[in-house]
**Student:** 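Before we start, here is the structure in question, set down as structure tokens.
Sequential numbering from 1 along the given sequence is applied to the chain's residues.
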Amino acid sequence: MLDFSSSTECCDSITFMNDKIVYILKKYNFTPDSITIIGCIIASLSFMFYAKGMFFTGGIVMGIGSLFDAYDGYYARKINSITRFGAFLDSNLDRVSEFFIFFGLFLYYPARIKIIIFFTLFFGIMVSYSKARAEGLGIECKAGIFNRVVRMSLLFAGSILGKNIMIYILILLCLGNLLTFIHRVYHCYKKLV
């Protein structure tokens with residue numbers, strides 16, 4: 001017979017920790033929007049470390065910012081404070097932090113890699129824009145693999161593994177973003193035509 005008691009204890013611990021964090025944030029009057037803004041600022045600051053070639057530190061700073069970004073929606077649901085502006089702000093500040101992360105990488109790498117970084121950022125923006133535009137037309141559009149979570153996870157992995165591996169991560173991201181963008185356009189074509 002399988003023993004699931006340890007996994008249940010783990011889930012209980014995570015729930016307890018999340019409840020404590022929610023309690024502290026609410027006690028000090030943090031709003032979900034303020035969590036979003038803090039996450040954006042922290043993740044954006046990683047550009048300074050990337051620009052200096054301090055990839056491990058940049059990855060840690062970006063990761064901390066991403067944790068805030070991941071938590072704002074959970075916090076909004078827990079305190080029953082989900083707003084349309086909150087969703088708008090979150091989506092826009094995600095683009096800001098992504099820009100600064102890629103800006104730091106752009107400053108560090110030589111010219112031939114800068115081209116890859118430019119197109120990786122461009123196709124990443126198009127992935128997000130195609131989703132937003134589709135939703136504006138009343139279509140849910142989550143097609144494709146390279147969503148924000150995947151993109152940020154790959155950037156984090158590349159940061160930890162170092163500047164040489166990051167080049168291959170950037171190539172993978174560029175191709176993945178392009179294919180995801182094409183997939184989303186095709187998904188919307190099928191829905192609209």
Side-chain angles (χ1 to χ4, degrees), residues 11 14 18 32-33 35-37 39-40 43-44 46-47 50 59 62-63 65-106 109 112-161 165-193:
C11 290
I14 292 169
N18 279 335
D33 291 347
I35 304 296
T36 302
I37 293 166
C40 176
S44 296
S46 66
F47 95 91
Y50 287 121
M62 179 191 70
S66 295
L67 286 175
F68 276 86
D69 181 50
Y71 204 77
D72 56 3
Y74 174 82
Y75 180 55
R77 287 188 297 276
K78 287 297 278 187
I79 66 169
N80 199 25
S81 182
I82 297 172
T83 65
R84 292 171 66 193
F85 177 74
F88 171 83
L89 182 69
D90 183 51
S91 182
N92 279 279
L93 293 188
D94 284 349
R95 306 294 78 74
V96 171
S97 60
E98 278 187 51
F99 168 80
F100 277 103
I101 291 163
F102 282 104
F103 180 56
L105 293 168
F106 186 85
Y109 281 110
R112 67 183 187 279
I113 308 300
K114 288 184 191 320
I115 295 167
I116 296 167
I117 293 167
F118 177 82
F119 280 104
T120 302
L121 176 61
F122 171 71
F123 290 129
I125 289 170
M126 292 310 297
V127 166
S128 299
Y129 178 76
S130 60
K131 179 177 184 277
R133 190 68 188 100
E135 288 173 351
L137 295 170
I139 303 167
E140 185 178 43
C141 185
K142 294 181 180 178
I145 298 170
F146 278 65
N147 58 32
R148 179 170 165 78
V149 173
V150 172
R151 295 195 304 268
M152 298 308 283
S153 298
L154 285 170
L155 282 172
F156 181 77
S159 302
I160 301 306
L161 295 172
I165 299 297
M166 181 62 96
I167 294 170
Y168 297 103
I169 296 289
L170 289 168
I171 293 168
L172 176 62
L173 277 169
C174 187
L175 294 172
N177 288 346
L178 171 60
L179 291 174
T180 299
F181 170 58
I182 292 169
H183 191 174
R184 290 187 175 184
V185 170
Y186 179 67
H187 171 79
C188 291
Y189 170 78
K190 288 197 301 181
K191 296 282 185 182
L192 293 169
V193 175

**Student:** For the side chain of His187 and the backbone of Glu140, is there at least one donor-acceptor N/O pair under 3.5 Å apart?
**Tutor:** yes
**Student:** Start with the C-alpha distance between Tyr71 and Tyr74, add both sets of side-chain angles, then the distance that settles ring pair (Phe, Tyr, Trp, His ring centres under 6.0 Å), and finish with yes or no.
**Tutor:** CA-CA 5 Å; Tyr71 204 77; Tyr74 174 82; 5.2 Å; yes
**Student:** With rounding to the nearest 0.5 angstrom, report the CD1 to CE distance, Ile160 to Met166.
**Tutor:** 9.0 Å
**Student:** Counting distance only, does the side-chain N/O of Ser46 pair as donor-acceptor with the main-chain N or O of Ala43 below 3.5 Å?
**Tutor:** yes
**Student:** Taking all non-hydrogen atoms of both residues, which atom of Asp94 and which atom of Ser97 are closest, and how far apart?
**Tutor:** O-OG, 3.1 Å
**Student:** Would you mind reporting whether Ile37 and Leu89 have side-chain heavy atoms less than 4.5 Å apart?
**Tutor:** yes
**Student:** Please lay out, stage by stage, how Thr180 and Asn177 fare under the test side-chain contact (heavy atoms from CB on, under 4.5 Å).
**Tutor:** CA-CA 5 Å; Thr180 299; Asn177 288 346; 5.6 Å; no
**Student:** Once rounded to the nearest 0.5 Å, what's the spacing between atom CG of Leu172 and atom CD1 of Ile165?
**Tutor:** 12.0 Å
**Student:** Applying side chain to side chain contact (heavy atoms under 4.5 Å, CB included) between Val127 and each of Phe122, Phe146, Phe181, report the one that passes.
**Tutor:** Phe181
**Student:** Please report the interatomic distance CG(Leu155) to OG(Ser66), rounded to the nearest 0.5 Å.
**Tutor:** 9.0 Å
**Student:** Quick one: pull up CG in Asp33 and CG in Asp90 and give me the separation to the nearest 0.5 Å.
**Tutor:** 9.0 Å
**Student:** Where is the tightest heavy-atom contact between Arg184 and Asn147, given as atom of each residue plus distance?
**Tutor:** NH2-CB, 4.3 Å
**Student:** Within the supplied structure, the quantity of interest is the number of heavy atoms (other residues, nucleotides, ligands) at a distance under 6.0 Å from Ile145 CD1; does it exceed 12?
**Tutor:** no
**Student:** Which heavy-atom pair separates Phe47 from Phe100 by the least distance, and what is that distance?
**Tutor:** CB-O, 2.8 Å
**Student:** Considering non-hydrogen atoms only, spot the tightest contact between Phe119 and Cys174 and give its length.
**Tutor:** CB-SG, 3.8 Å
**Student:** Is it true that Ser159 and Tyr50 share a donor-acceptor pair across their side chains at a distance under 3.5 Å?
**Tutor:** yes
**Student:** Distance check, rounded to the nearest 0.5 Å: Phe99 atom CZ versus Ser44 atom OG?
**Tutor:** 9.5 Å
**Student:** Could you check Leu175, Leu121, Leu105, Ile171 and say which one makes a side chain to side chain contact (heavy atoms under 4.5 Å, CB included) with Ile116?
**Tutor:** Ile171
**Student:** Hey, could you give me the CG/CE distance between Asp69 and Met152, rounded to the nearest 0.5 Å?
**Tutor:** 7.5 Å
**Student:** Check whether any side-chain heavy atom of Phe102 sits under 4.5 Å from a side-chain heavy atom of Leu170, and report yes or no.
**Tutor:** yes
**Student:** Applying side chain to side chain donor-acceptor pair (under 3.5 Å), name anything that partners Asp72, two or more places apart in sequence or on another chain.
**Tutor:** Thr36
**Student:** Enumerate the side-chain hydrogen bond (donor to acceptor under 3.5 Å, both in side chains) contacts for residues 112-137, please, sequence neighbours excluded, ordered by first and then second residue.
**Tutor:** Arg95-Ser128, Ser128-Arg151, Lys131-Glu135
